[in-house]
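Here the structure comes first, spelled out in structure tokens, and everything after it is commentary.
Hydrogens, waters and symmetry mates are skipped; everything else that's a heavy atom, side chains included, is used.
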Amino acid sequence: MKKTWFITGASRGIGFEIAQAALVSGDNVVATARNVRRLREQLGSEIQPQLECIELDVNNYIQAKEAVSWSIERFGSIDVLVNNAGFGQLGHFETVEQRAIEQQFSTNVFGLMHVTRAVLPAMRRQQRGHILNLSSIGGALGFDGAAIYCAAKFAVEGFSESLALEVARFGIDVTIVEPGFFRTDFLDDSSVRYGQIELQDYTDVANTQKSQYDEYSHAQLGDPKRLAQLIVKTAGISPAPLRLVAGSDALSMSRDILNNRMKELELWADISVTTDHQEE
């Protein structure tokens, strides 16, 4: 059955590739981004009748509701929601201004929730749907110099895991996508942001990390086209996976963190159980 996709942050990177892959598969695509003119230029909407491009700032809930209503009027349903819009706020916690922290959560967490809230009523009515929330390997484990970004992605993971339990009764699947490092512009100045507060104690390590990221930009292991193809394939699987780890680097890191957690869990198990209430 032909599906209708609603994709945020579709003008570049992984969102753009997902839109392209869904179109190639023959599905309808509603691609959204803050700059709709650029979006149309990138995707060539004028020559693809199964594609619609809509301006959407995910921070604006009213705009999200209007975009969803228009999409349903145009195609009749939204079968797959891809919450991809976001950016990376790097830098050690003390070097990141409070305003920047709030902006990170506003887009990466609350924006994702806005769009999900706008789409869910339609999915409940039709008793089907698949929500794919783009997290990161940084949503599974912490990284030195990425406290705020990881905190936002951890929030996405907790929200998604709980939401999956809430909406399963309506035939709606939720998948958390955990990519490793992919060859997009994520590490470019156009996407990533660093700490704004100069603190001498962090200067050396921060400069080293930034140099490493600059060298790694556009040399990452992951292929975004292959990730997009995997996501399109996953959207046709039922039951869908709750977590989809993408990339051999992410798989290796996930295995390491899970093994380490199990070792620590067992190391402290005897102490953990001492807090249970004891009958006298």
Side-chain angles (χ1 to χ4, degrees), residues 14 83 86 88-96 101 104-105 108-109 112 131-166 168 173-184 186-187 192 194-195 199 201-202 204-213 215-216 219-224 226-227 230-231 234 237 239-279:
I14 292 172
N83 281 310
Q89 175 63 64
L90 301 183
H92 297 85
F93 169 65
E94 289 186 275
T95 71
V96 183
I101 295 173
Q104 177 78 129
F105 275 77
N108 289 25
V109 181
L112 177 148
I131 299 169
L132 295 112
N133 289 335
L134 268 291
S135 178
S136 163
I137 188 59
L141 65 148
F143 283 80
D144 183 1
I148 304 308
Y149 178 72
C150 289
K153 290 303 185 181
F154 267 69
V156 167
E157 300 240 350
F159 167 69
S160 302
E161 187 165 331
S162 299
L163 181 69
L165 298 173
E166 295 176 3
D173 289 314
V174 177
T175 295
I176 305 163
V177 184
E178 294 179 341
F181 289 87
F182 274 77
R183 201 165 296 187
T184 67
F186 177 80
L187 293 175
V192 73
Y194 290 91
L199 290 176
D201 287 346
Y202 294 107
D204 290 343
V205 66
N207 288 338
T208 298
Q209 288 175 346
K210 187 175 186 308
S211 296
Q212 291 172 341
Y213 282 138
E215 290 180 10
Y216 202 40
Q220 297 97 320
L221 182 63
D223 183 341
R226 289 177 176 266
L227 173 56
L230 175 61
I231 287 173
T234 302
I237 296 174
L242 175 61
R243 278 182 173 81
L244 181 65
V245 177
S248 59
D249 55 352
L251 183 61
S252 176
M253 286 185 277
S254 293
R255 284 173 170 157
D256 287 344
I257 193 64
L258 290 173
N259 287 334
N260 290 337
R261 284 178 181 171
M262 284 301 300
K263 290 176 183 178
E264 185 176 52
L265 188 72
E266 295 305 325
L267 180 64
W268 295 96
D270 290 343
I271 292 177
S272 297
V273 300
T274 62
T275 60
D276 291 353
H277 180 74
Q278 300 294 321
E279 296 290 344

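Residues Val96 and Tyr194 have side chains not in contact (no heavy-atom distance under 4.5 Å, counting atoms from C-beta outward). For the pair Ile176/Glu178, a side-chain contact is recorded, criterion being any heavy-atom separation below 4.5 Å from C-beta on. Between His277 and Glu279 the shortest side-chain heavy-atom distance falls below 4.5 Å. Contact check for Leu134 versus Asn83: no side-chain heavy atoms found under the 4.5 Å cut-off. No side-chain heavy atom of Thr175 sits less than 4.5 Å from a side-chain heavy atom of Ile131.
The aromatic rings of Tyr202 and His92 sit parallel to each other, their planes meeting at less than 30°, with 60° as the upper class boundary.
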Using side chain to side chain contact (heavy atoms under 4.5 Å, CB included), reason through Ile231 and Val177 one step at a time and then give a plain yes or no. CA-CA 9 Å; Ile231 287 173; Val177 184; 4.3 Å; yes
Worked check of side chain to side chain contact (heavy atoms under 4.5 Å, CB included) between Asp249 and Ile137: CA-CA 9 Å; Asp249 55 352; Ile137 188 59; over 6 Å; no
Please walk me through it: do Lys263 and Trp268 pass side chain to side chain contact (heavy atoms under 4.5 Å, CB included)? CA-CA 9 Å; Lys263 290 176 183 178; Trp268 295 96; over 6 Å; no
Derivation and outcome, side chain to side chain contact (heavy atoms under 4.5 Å, CB included), residues Leu90 and Phe143: CA-CA 10 Å; Leu90 301 183; Phe143 283 80; over 6 Å; no
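Interatomic distance, Asn133 CG to Leu244 CG, rounded to the nearest 0.5 Å: 12.5 Å. Summarising the geometry, atom CG belonging to Asn260 is positioned 12.5 Å from atom CG belonging to Leu265; distances are rounded to the nearest 0.5 Å.
Shown here for Leu242 and Glu161, the closest heavy-atom pair between the two residues is CD2-CG, 4.0 Å. When all heavy atoms are compared, the tightest approach of Ala147 to Phe93 is CB-CB, 4.1 Å. For Ser136 against Tyr149, the heavy-atom pair with the smallest separation is CB-OH, 3.5 Å. The shortest non-hydrogen separation linking Ala250 to Pro179 is CB-C, 4.2 Å.
Although no hydrogens or angles enter the test, the distance criterion places no donor-acceptor pair under 3.5 Å between the side chain of Ser252 and the main chain of Ser248. Between the Asp173 side chain and the Ala168 main chain, no donor and acceptor come within less than 3.5 Å of each other. The closest donor-acceptor contact from the side chain of Thr274 to the backbone of Ile271 lies under 3.5 Å. For the pair Thr95 (side chain) and Gly91 (backbone), a donor-acceptor distance under 3.5 Å is absent.
Under the rule for a side chain to side chain contact (heavy atoms under 4.5 Å, CB included), the partners of Ala152 that lie at least two apart in sequence or sit in another chain are Gln104, Phe105, Asn108, Val109.
A donor-acceptor contact under 3.5 angstrom links the side chains of Glu157 and Ser135, judged on distance only.
Atom CZ of Arg261 has more than 12 neighbouring heavy atoms from other residues, nucleotides or ligands inside a 6.0 Å radius.
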